[in-house]
Structures are given as C-alpha cells and as structure tokens.
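Structure first, then comments.
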Amino acid sequence: MSTGKHGTQSTSTAVVRTVLAAVVFALLVFAGVKFMAQPREAPQPAPFTGDTASTPSVQTNPLDTGATRDAGAVAVSSTASPSALDAPVRAAGEVLVQGVVRARGGAGIAGARVRLQWLAHGADADGAIVEIGETRSRADGSYWLSTPLLEPALGTDGLVQAVVDAPRYRPGRHQVALAQLASPATLVLDVRLEQGERVRGRVVDPSDRPVPLATVALSVAQVEGSVTKFVHVESVTTRTDGRFDLGFVSSGRYNLAARANAIGTAFVADLELEAGVEKSLPDLVLQGGEPITGRVTDESGAPVPYLELWAIDSNYANDPNALALSVSRTSNDERGDGLSTTHTTTDADGRFSLAGLRPAHYALRCSDRLVVLDPHQLRYTPGTPDVALFVHSQRLIVRVTDDTGRPIRGASVRVSDWSELPDGSHEITHTRTQTVRREIGAVAFVLEPETPVIVQAFDARRAGSEEIVILAQNEWRREITLVLPGADDRGRIQIDLRDPNGVPLGRLRASLLASVTLVPREDIGILESDEFGLLPPVPVGTYQLVVAGDSAAAQYVFPARTIDPVTVARESTTVVSLTARVGGRVRVELVLSGAEPEGFQAPANSNVKDRRERFGVRVQLRSAAGGAVRALQFRGSELGAGLVGRLLPGETLVSDDLLEAGAYALTLESGVFELVSAPDVHVTAGASTAITVQVRKR
C-alpha cells in the first residue's frame, strides 16, 4: 500500500501507476541536475552590424570558431567545496583563465558574474574587442574558464580582462598584457570588489546602434567654499552591446559623460545617485557634427596614406603642445553636443574624415612632429568638404606580413637612426617604434633624406631581420615589406671553429646579435653547443654570431665573431666556419680623479644612452710599431649586452677588438674629461691586459 496526496490507494493498479510515476519523476530530476552540472559552451554574442566606417571595429571571434568552456551554472551552498568535476582543466590548445573574486576583507564572493574580454589593442577606440565568454564564481569566490580563442593572441599587442559584478558591490576588473605571455598559458585574474552600487546604461549612436568601446566617465560634485567642482570617480569602456556599469559608494550629485572617437558625445548633468540603490539610465545617444573631409598628397601629387590626423580646437592650435593640451581638456570642454578633438588615419588614397565634432573652428595637425603639413594656419568647421592638405616630408611605409603574405596586425616596427662616427663605426642615435593597428598591416615613418635608418619588425615571440633604408633626396615615399617568421619556424647553426693549426674546437657557447645594429637577441639567450659545435634550434632570421670557448680553449682569445651575417633557414642547418685567432684584448678601468662635472650624478631613472653620449670617453690606441689610431669598442661581458664606443668614469669593460701583441700608446677623445697621465699598454697574446685610466674634469 502507498500513500499519495489524495489519500490511501486500495487497488494494485493504482499502486503500480504511482510507483512508475515516482520513478519517472526521479529520473527526470536526476537528468536535469546532471545536465546543469555539465560544462557547456558559453554563449557567443551576435556580431555587431554597425557602420564600421564610423564606429570602432568589433569582432566576436577573429581568431577561431572554437567554443569556450566554463564550469556551468552549478548551484552550491555557501559551505560546500567545489567538487573534483569543477577543478580547473585546460584542454590541449586552450588557455585557462582562473582567479578568485574577493571582498575588501579577503573573503570570497559567491555568485559573482565574471565576463572575459580580449582587447585586441588595448582599451582604445582604434582596437577591437572580443567577448570570450562568462561564468559565475563558486562558494569560495573562485572561477575558471578554458578557451581556445586566446591561444593565437598570446604574445600579441593587447589585453585580456576579467570584468566582474555582484549585487551590492561596485564592478571590478583585472587586466593582463598578452605581449608577455606564451603558450601553453594559465592566466590568473584575481579581482577585488569594493562595496557600493552601480549605475547602468547603454551608449548608442544617432541611429540607435550600440557603440562599443565608448568611454564613459562618472564624476561627483564637491563643494569647497563657494566653488563647486566635479571630481572624477571612475571611467569604463562600453562592451560590444554598448552597455556599461559604473560603481559609486555615496549619495550625491554626479555628472556622467560618454564619448566615442568619430561619433560624438553624450552628457548627463546633475545626476542624483543614492547610496545602496542601483540606478539604470535610459540610452545615452552620442551627438556630433558632420565630418571634415579631404585628401592628403605629397610634393609629387601622390596620396599620403596611413597618416594620423587630429582636429584640434583653434583655442589650442598655437600652443607648442597643442595636441596634448587639447586631449587633456576634453573633460572640461565636452558636453552633449560633440567632441572637442578627434583623430583618424588617412586611407590608401590619402582620404580622411574627421567626424563627431562640436560646433567650433578646428586646426588640422599630425601626431608626428616631423611631418610638415600645409596649409598650417587655416581653420575648418564641422561639415567642411574637400579639404586639400599637403605633406612636405619624406615617408617610409612599412608593411608587416607572415611568410604567406598575410598582414600581421599587432606587430611592432622599430626605426633607428644609424649615424656614422668619425672613426668609421656606427651607432644608434634615435629610435621610434609603432604598433601595426590596421588590417592592412602597415605603419608610416617620416625620414630625413640620405640618412640611413635600421628597420626591424617584431612582436613578443619573434623578430625579423634588420634592413638598412636610405631615402634619396627627392624620394617622397618608399614602401617596404618585412616578413616575420612563424613563431615555430626554426633552424640550426653548426659552428666549425678551428685553431690556427686546423684542430676543431667543440663545447662552445654562442649568442646571436641583430645583423646590423649588433644588439644581442636576449629573447634567445646564451646557447651551448654539443661536441660537434651544433647549437640548439633558433628562430629563422639573419644574425651576427659571437662564440666563446670552454677552459680547454683558454689559450685562444674569445669571443670570436662572424664578419658576414649568418642566415638561418627553416628546418635546415647553417654551417659557420671560424678560426680562433691568437691575440689579446685590453680591460680598461676608467677612474675619475677630482671633482665631478655638473650633472654627472644623474637620477636613477635617467637615460643611460644619453648620459654616455654626454659624459662618455672614447679610448684610442696606436701601435708603437706605427699605423693608424684605433678607437676601441667595448662589451659589458663575454657574450654580453652589446657594444659601446664610450666608457663612463667608474666602468670597467673589456675591448671587443682583438689586438696584436705589442706596445701601444693610449689617447682619449672627450669633450668633458682629459687624461691625467698616459698608462703604458702592453698587449699579451691569449690574454686580457688590465689597465687603469685616470681622467679629470677639463
């Protein structure tokens, strides 16, 4: 006999039916719980369908179509521990993101919503945002999510961030730069939430389309005497759906401002917020003027592509730091009628459009101070069409691709001025770096004619070969393509090093230098060969090779260095033949005697290169047997951190030059110091001769 909710049943048929119903119900409940407890794909947001010509680029999945795995929405009590099924697991080819959401006191916050985003080029309007997925924190505040979307992004320019919100807490976030990470990776993004409330809303354009990556700022009124000023509280960027969450703690009167480059601004004044009460706002509609449009050409009439242009309020245009000043004043100048400054980049045909500006007069300027742009004094109002600008500067356009010709977005390009010194050697005097942020994979630099520069492309995991570029006097534009090898493209070097009698030497140590500037490839480090001189695999590219021997080869002077560049090809072995020379080097200790010159004791964060340029001393030797004066170059260690042509007082460095045995006369070249007395220099074959050189202020 069984008991149901309608009383006692007296027939066997009723009993059977009741038992079967109970069993079926139990099975359904069990299946439902099992389904909820299984990891499942996080929902991917729908692609943004706005006008990409006037809005930031938004990508839901630019890398892969793989799913994101989270831990599922498992209901656990506040005292329960995560089960073994919920333990963080990273599948092959995936990146594991995990962390703990905590309150100020350190206690874990259960049930917090964790959204993961990839900001392809940082949180700026020129980048792209990818929604990775979301999950919930467990009873102890921990969370995890495993995804294949981030693995191809490791080592590139950009950020991955966890955005966290929970009831009665202000939203929080934690960001990690992808450039410093390599695969396989586990990212730890712990987030601490402060108690408070949220003001929520959505930013849209005049056509009611959501605006991602718009900047939304909250400021609170503070009264000091008879003056009321608004103090910044927090700023966030909108998500792919245009939505935002801002945190606040105390009741008060607030201002809320939103802006998006090339679209416009919105402003909510005197917003009353109450502590402990969440606030939802109606949509913020960005407003701005019609675009200033035109085209940029050079002296030859050819278009000037990829030039960054800014529209600057004419009130700031004549200031020496007009661009920085106008950007710093946006929070004071902008309200709900448009941008006070905006920027764009010319397209492949040199055309531009500067949209979203408020009513005013604007000057057009370039962010690169080396660019000479005409007309310089004219001012333009929003809606002005067909503006003709001329660039009187010579430009180098650099495209970065992989070995298949596909542009690499997020790579960096470094251009270094390569100056010749009086003794015929060279040194880097100035370096500029730009990150490729356009789909076409190109950046542009202004160059002086007939001045050599060294150009190199790189990212966090690889670097290309250096190239020397010299523009002719009337060459207004040159385009080059730099190819970055694949991160896994490697080859090998075998060193055939023999002594003067032809006997091979093994068990060698080597470092690779950049082929032109001779800067050490610290990402590769020091390599050790086997007994046959075979080095471990290295990235493909072109290098200079520096080799040192073990104690068995101590009678020979190291390092030995290649004269011609060494090219390493994919899945092949390059044989490098060297002869260990017998000779000697000098180890020079430069000592300051007497008072220091003004400014010699520079702050700890000062530029060492600039200090060496100002106070460095060039050491010169002339053989007693006759011959030309020889200016020495030095390196910091046996295989170490590059060559320098000048010593600073207080340094002791070993010359990189191999000298024949014999007596030498020493002289100095310096605009600050003079030689106290000339030491005797006697170079011994197979050794480093230590000498102390005393200098004093002129």
Side-chain angles (χ1 to χ4, degrees), residues 56 119 121-127 157 159 213-217 219 229-232 234-237 255 257-265 267 288-289 291-292 296 304 306-335 337-346 352-382 387 389 391-393 395 412-415 430-435 437-438 443-446 603 605-607 610:
L119 306 181
H121 300 289
D124 59 63
D126 291 326
D157 179 45
L159 305 167
L213 288 173
T215 300
V216 186
S219 56
K229 64 178 182 179
F230 282 84
V231 179
H232 180 264
E234 186 179 10
S235 294
V236 297
T237 54
N255 284 346
R259 76 184 313 270
N261 187 61
I263 302 177
T265 63
F267 192 80
I292 301 171
V296 185
V304 176
Y306 324 131
L307 182 74
E308 188 176 54
L309 283 178
W310 285 74
I312 299 173
D313 192 299
S314 60
N315 291 323
Y316 309 122
N318 294 325
D319 190 277
N321 297 308
L323 181 55
L325 181 60
S326 65
V327 171
S328 68
R329 296 287 299 175
T330 54
S331 60
N332 299 87
D333 296 343
E334 293 178 351
R335 288 299 179 259
D337 58 349
L339 302 161
S340 62
T341 184
T342 188
H343 62 94
T344 188
T345 304
T346 58
F352 65 88
S353 176
L354 293 158
L357 292 164
R358 64 190 177 103
H361 291 83
Y362 295 90
L364 303 188
R365 297 286 185 264
C366 181
S367 57
D368 189 340
R369 292 183 179 230
L370 297 178
V371 172
V372 180
L373 190 66
D374 281 333
H376 194 73
Q377 299 300 326
L378 291 185
R379 303 293 183 260
Y380 309 91
T381 57
V387 174
L389 298 178
V391 168
H392 304 284
S393 308
R395 304 173 75 238
S412 295
V413 178
R414 179 170 50 228
V415 170
H430 180 60
T431 295
R432 293 164 282 164
T433 302
Q434 290 189 49
T435 299
R437 299 196 175 199
R438 298 182 61 86
V443 292
F445 295 88
V446 174
N605 61 351
S606 63
N607 189 309
D610 291 344

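Bear in mind that the values here come from a model prediction, so they are computed numbers and not experimental data. Reckoned from all heavy atoms, side chains included, excluding hydrogens, waters and symmetry mates. By convention here, the first residue in the shown sequence is residue 1.
When atom types are taken as modelled, the side chain of Ser326 and the backbone of Tyr316 share no donor-acceptor pair closer than 3.5 angstrom. Looking at Ser393, its side chain does come within 3.5 Å of a backbone N or O of Val372 through a donor-acceptor pair. Using modelled atom types, one side-chain atom of Asn261 and one backbone atom of His343 make a donor-acceptor pair closer than 3.5 Å. A distance-only check finds no donor-acceptor pair linking the side chain of Arg259 to the backbone of Ala257 [under 3.5 Å].
In summary, the side chains of Asp313 and Asn315 do present a donor paired with an acceptor at a separation below 3.5 Å, with no hydrogens or angles considered. For the residue pair Thr345/Glu308, the side-chain donor-acceptor check at 3.5 Å is not satisfied.
When every heavy atom of Ala444 is checked against every heavy atom of Gln434, the shortest pair comes out as O-NE2, 2.6 Å. Closest heavy-atom contact between His430 and Arg432: NE2-CG, 3.5 Å. The two residues Gly264 and Leu339 have their closest heavy-atom pair at O-CD2, 3.7 Å. When all heavy atoms are compared, the tightest approach of Pro382 to Gly289 is CB-CA, 4.3 Å. Contact record, Leu373 with Cys366: CD2-N, 4.3 Å, taken as the closest heavy-atom pair. Between Ser340 and Leu357, the shortest heavy-atom distance links the atoms C-CD2, 4.4 Å.
Summarising the geometry, atom OG belonging to Ser367 is positioned 7.5 Å from atom CG belonging to Leu307; distances are rounded to the nearest 0.5 Å. Here Arg358 contributes atom CZ and Thr341 contributes atom OG1; the two are 10.0 Å apart, rounded to the nearest 0.5 Å. With rounding to the nearest 0.5 angstrom, the CZ atom of Arg369 is 8.5 Å from the CG atom of Leu323. Residue Thr381 holds its OG1 atom at 6.5 Å from CD1 of Ile292, rounded to the nearest 0.5 Å.
The side-chain heavy atoms of Val216 and Thr237, taken from C-beta on, include no pair separated by under 4.5 Å. Within the 4.5 Å cutoff, no side-chain heavy atoms of Phe352 are placed close to those of Val304. Phe445 is listed as a side-chain neighbour of Val413, based on a closest heavy-atom distance under 4.5 Å. Side-chain contact between Leu354 and Leu364 is present, with heavy atoms from C-beta onward closer than 4.5 Å. Between Pro375 and Leu389, the closest side-chain pair of non-hydrogen atoms falls below 4.5 Å. Looking only at side-chain heavy atoms (C-beta outward), Trp310 and Thr344 stay at 4.5 Å or farther from each other. In this structure, Arg395 and Leu370 have side chains that are not in contact, with every pair of non-hydrogen atoms separated by 4.5 Å or more. Between Ile312 and Tyr362, the closest side-chain pair of non-hydrogen atoms is not below 4.5 Å.
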Open item on the list: Using side chain to side chain contact (heavy atoms under 4.5 Å, CB included), reason through Asn255 and Phe267 one step at a time and then give a plain yes or no.
Closed with: CA-CA 7 Å; Asn255 284 346; Phe267 192 80; 3.6 Å; yes

- [ ] Could you check Arg414 against Thr431 for side chain to side chain contact (heavy atoms under 4.5 Å, CB included), going step by step and ending with a plain yes or no?
- [x] CA-CA 7 Å; Arg414 179 170 50 228; Thr431 295; 3.4 Å; yes

- [ ] In sequence, state the C-alpha distance, the side-chain angles, and the governing distance for Glu334 and Thr265, and then conclude on side chain to side chain donor-acceptor pair (under 3.5 Å).
- [x] CA-CA 7 Å; Glu334 293 178 351; Thr265 63; 5.6 Å; no

Task: Stepwise side chain to side chain contact (heavy atoms under 4.5 Å, CB included) check, Val443 with Tyr306 - done: CA-CA 7 Å; Val443 292; Tyr306 324 131; over 6 Å; no

Task: Evaluation steps, side chain to side chain contact (heavy atoms under 4.5 Å, CB included), between His392 and Asp374 - done: CA-CA 8 Å; His392 304 284; Asp374 281 333; 2.9 Å; yes

